[in-house]
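We count ligands from 1, going down the list as the structure has it; atoms in each ligand are counted the same way.
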Amino acid sequence: MAEHYDVIIIGSGAGGGTLAHTLAGSGKRILLLERGDFLPREMDNWNPKPVFVDGKYISKDTWFDRDGKGFQPQVHYFVGGATKLYGAALYRLRPQDFGEVKHVSGISPAWPLSYDDFEPWYSKAERLYQVHGNGGEDPTEGPRSEPYPWPAVSHEPRLQQISDDLAKGGYHPFHAPCGIMLNEARRPMSTCIRCATCDGYPCLVHAKADAEVIAVRPLLGRPNVTLLTGAEVTRLETDDPGRTVTGIVVTRDGNREVYRGDIVAVCTGAANSAKLLLNSASDRHPNGLANGSDQVGRNYMFHNCRAIAALSKERNDTVYQKTLGINDFYFATKDYEYPAGNIQMVGKSNAEAMRGEQPQLTWFAPEWGLTDTAKHSVDFWLTTEDLPVPENRVTTDKDGRVQLTYSPTNAEEADRLYEELKKILNHTGMAAHHVFRKNFYMDMDIPLAGCAHQAGTCRFGTDPATSVLDTNCKAHELDNLYVVDTSFFPSIGAVNPALTAMANALRVGDRILSRIT
Ligand SMILES: Cc1cc2nc3c(=O)[nH]c(=O)nc-3n(C[C@H](O)[C@H](O)[C@H](O)COP(=O)(O)OP(=O)(O)OC[C@H]3O[C@@H](n4cnc5c(N)ncnc54)[C@H](O)[C@@H]3O)c2cc1C
Ligand code: SF4
């Protein structure tokens, strides 16, 4: 006899973990199924070689490109999902991102809800995830009903100098919103120690506001919440009419188990949520569960990102570098009719992680060894929106494995952003010819593998013919199935996606609560 729950949540990352946190207080029986385990706390958490060179915390999955060539996707199967490794840059989308935006490669479509609809949930998510920031500095930011719950993380001297130089050059640098538990006013009491191994690393001292630490851990003692780790959901079964999910098929310790719940939320990340629905095809849902629209798996997006290191003669002794953002090119400018994107900082380069890039580095700075190069680099992360294209999609092969077909969009905008960065460097004492690409998150030779910002495979909307989910993220075709991760994004904007996934989980959680209580 399968166990029965009020709500079953599949996946414990930004979407699923936050949803569980929202629902737990109701006292309803909640089962959280997570295919990974707790990320081990060990010295390797903060060691660049195991993390970046050996990929110790990247899943062993193989996905396949359109030609059937296998690659290892940079996904992370742990309690907390990708947020265990994320940079915790917790941005809101801009109000305009919720409307239609014209891009060089086409249209970024409007969302069925507006920024105003999301604003209260953004505020709640910022409170929950302890976001540090300074409202009003970024001219592209939307209105806020509440100030950031924590003051912005201060710039270290080199970043302050860059910020000052940019402001003198007429740009509008701002303090980037960071989800780290840093208490600068009372450093001895601070959970976060402000270290250099944050962006892309797990936090050894659990001071990063990730979904495990913030959302899941606090629930573990609750009698109404059960977390099963090592529990990979492989299929969802429905009743005969196909309107209700009745069985959740799990592989755990090599055994097949089935769980039952009144409400089921799929939160396994954009690619894996599409995979699960597609692999749950049945007579009633021959193209995959909830896929009468043929939209499941389509419109896969993951941002056009570039990690760039710029060398300057001055040393950059910054420890925690992710404090600065620049959105001067987020929208069309008088010089360019399309949006180019967001510039922010990425974790500080270090010699160990740079080792794989040694040939280019010695070309750029022949007089410096790797250690010197790392000491002088200032590291930027450039994000350009990519568009939801139906042909960019997740499908599954005959063995149910992920196949990813993807062609980039808005490449011209990404090039433009890179050119703007090079101009910026002239204001900050870093010559444009001392700029090179890093490939920490994204192997430039296998861009599909860099799927950190994946989104869009089950878009929400009002029309069941063109969307998978309704505006509450419930599947149009089912009565008890929700998808609550980055899959619901109809477009992705050009800022990091996690805060939007968290805010949406709070919003959908509220809808589910009103249904079950
Ligand atoms: C290195 C890195 C840096 C990043 N930096 C930032 C940043 O600074 N700011 C930002 O906003 N975003 C960042 N992101 C992206 C951000 O982490 C994701 O957008 C966010 O975590 C997505 O949330 P999600 O709920 O869709 O998926 P996830 O958080 O990945 O959660 C999915 C969960 O489902 C589980 N799962 C998968 N399949 C199954 C299955 N079949 N059965 C059971 N469980 C399953 C997974 O193990 C995982 O726990 C970063 C990501 C990475 C990898
Ligand atoms: S900067 Fe803070 S949150 Fe980030 S890894 Fe270091 S201690 Fe953890």
Q | Atom indices of ligand 1 within 4.0 angstrom of Asn496 heavy atoms, with elements | A | 7 (C), 8 (O), 9 (N), 10 (C), 11 (O), 12 (N)
Q: Examine Phe64 together with Phe71 and report whether their ring centres are nearer than 6.0 Å.
A: no
Q. So is Arg260 actually on top of Tyr5's ring, under 6.0 Å and inside 45° of the axis?
A. no
Q) Which of these passes ring-ring contact (aromatic ring centres under 6.0 Å, His included) with Phe460: Phe489, Trp111, Tyr482? A) Trp111
Q: Mark yes or no: Arg144 above the aromatic ring of Tyr148, with NZ or CZ under 6.0 Å from the six-membered ring centre and no more than 45 degrees from the axis.
A: yes
Q) Can you tell if the side chain of Ser154 reaches within under 4.5 Å of the side chain of Arg194, non-hydrogen atoms only? A) yes
Q: Taking the side chain as every heavy atom from C-beta outward, state whether Tyr91 and Gln344 have any atom pair closer than 4.5 Å.
A: yes
**Q.** Residues Glu42, Lys56: salt bridge by 4.0 Å N-O rule
**A.** yes
Q. Which of these, Glu34, Glu232, Arg235, has its nearest heavy atom closest to atom 46 (C) of ligand 1?
A. Glu34
(Q) Side chain, backbone, both or neither: which applies to Ala88 and ligand 1 if a contact is any heavy-atom pair less than 4.0 Å apart? (A) backbone
Q. So is there a nitrogen or oxygen of Ala82 less than 3.5 Å from a nitrogen or oxygen in ligand 1?
A. yes
Q.
Under 4.0 Å from a heavy atom of Leu85: which atoms of ligand 1 are those, numbered in the order shown and with their elements?
A. 1 (C), 2 (C), 3 (C)
Q) Which part of Lys275 is near ligand 1, with near meaning a heavy atom under 4.0 Å away: side chain, backbone, both or neither? A) neither
Q.
Looking at Glu141 and Arg92, is any side-chain nitrogen of the basic one under 4.0 Å from a carboxylate oxygen of the acidic one?
A. no
Q | Any N/O pair Leu499/ligand 1 closer than 3.5 Å | A | no
Q) When rounded to the nearest 0.5 angstrom, what distance separates CG in Leu128 from CH2 in Trp121? A) 12.5 Å
Q) Is the gap between the ring centers of Tyr201 and Trp46 under 6.0 Å? A) no
Q. What atoms in ligand 1 come closer than 4.0 Å to a heavy atom of Phe78?
A. 47 (O), 49 (O)
Q. Out of curiosity, is Gly179 lining ligand 1, as in a heavy atom under 4.0 Å away?
A. no
Q.
A side-chain contact here means heavy atoms from C-beta on lying under 4.5 Å apart; do Glu385 and Ser108 qualify?
A. yes
Q | Region of Tyr91 engaging ligand 1 - heavy atom pairs below 4.0 Å | A | neither
Q: Supply the atom-to-atom distance Thr396 OG1 to Leu276 CG, rounded to the nearest 0.5 angstrom.
A: 10.5 Å
Q) Between Leu33 and ligand 1, which residue portion shows a heavy-atom distance shorter than 4.0 Å: side chain, backbone, both, or neither? A) backbone
Q. Got a donor-acceptor contact below 3.5 angstrom from the Lys348 side chain to the Gln321 backbone?
A. no
(Q) Does this structure show an ion pair linking Arg94 with Asp138, if we count only N-O contacts that are shorter than 4.0 Å? (A) yes
Q. Do any nitrogen or oxygen atoms of Ala14 lie less than 3.5 angstrom from nitrogen or oxygen atoms of ligand 1?
A. yes
Q. Any idea which atoms of ligand 1 are less than 4.0 Å away from a heavy-atom of Gly15?
A. 25 (O)
Q.
Regarding Asp210 and Arg217, does a basic nitrogen lie under 4.0 Å from an acidic carboxylate oxygen?
A. no
Q: Please determine if Val233 has a nitrogen or oxygen closer than 3.5 Å to a nitrogen or oxygen of ligand 1.
A: yes
Q: Below 4.0 angstrom from a heavy atom of Tyr77, which ligand 1 atoms are there? Numbered from 1 as shown, please.
A: 37 (C), 46 (C), 47 (O)
Q. Side chain, backbone, both or neither: which part of Ala231 comes within less than 4.0 Å of ligand 1 when only heavy atoms are counted?
A. backbone
Q) Going by an N to O cut-off under 4.0 Å, is there a salt bridge joining Arg158 and Asp317? A) no
Q | Check: Thr405 and Asn392 side chains under 4.5 Å, non-hydrogen atoms | A | no
Q. Where the closest heavy atom to atom 32 (C) of ligand 1 is concerned, which of Gly81, Gly200, Cys267 has it?
A. Cys267
Q. Out of Val75, Asp37, Val266, Thr268, whose heavy atom is nearest to atom 34 (O) of ligand 1?
A. Thr268
Q: Measure Ala501 to ligand 1 on non-hydrogen atoms and call it side chain, backbone, both or neither using the 4.0 Å cut-off.
A: neither
**Q.** Gln74 N/O to ligand 1 N/O under 3.5 Å
**A.** no
Q) Do any nitrogen or oxygen atoms of Tyr86 lie less than 3.5 angstrom from nitrogen or oxygen atoms of ligand 1? A) no
Q: Say whether, by atom type as modelled, one donor and one acceptor occur between the side chain of Gln74 and the main chain of Ala449 under 3.5 angstrom.
A: no
Q. So is Ile10 close enough to ligand 1, meaning a heavy atom under 4.0 angstrom away?
A. yes
Q. Hey, which atoms in ligand 1 end up nearer than 4.0 Å to a heavy atom of Pro497?
A. 11 (O), 12 (N), 19 (O)
Q | Pick from Gly13, Gly80, Ala505, Ala452: the one approaching atom 52 (C) of ligand 1 most closely through a non-hydrogen atom | A | Ala452
**Q.** Side-chain heavy atoms of Leu219 within contact of His21, under 4.5 Å
**A.** yes
Q. Has ligand 1 got any nitrogen or oxygen that is less than 3.5 angstrom from a nitrogen or oxygen of Gly16?
A. no
Q) With atoms numbered from 1 as shown, which atoms in ligand 2 lie under 4.0 angstrom from a non-hydrogen atom of Val205? A) 7 (S)
Q: Taking 2.8 Å as the upper limit, name the protein N, O or S atoms near atom 4 (Fe) of ligand 2.
A: Cys198 SG
Q. Going by the order shown, which atoms of ligand 1 are within less than 4.0 Å of some heavy atom of Thr83?
A. 17 (O), 21 (O)
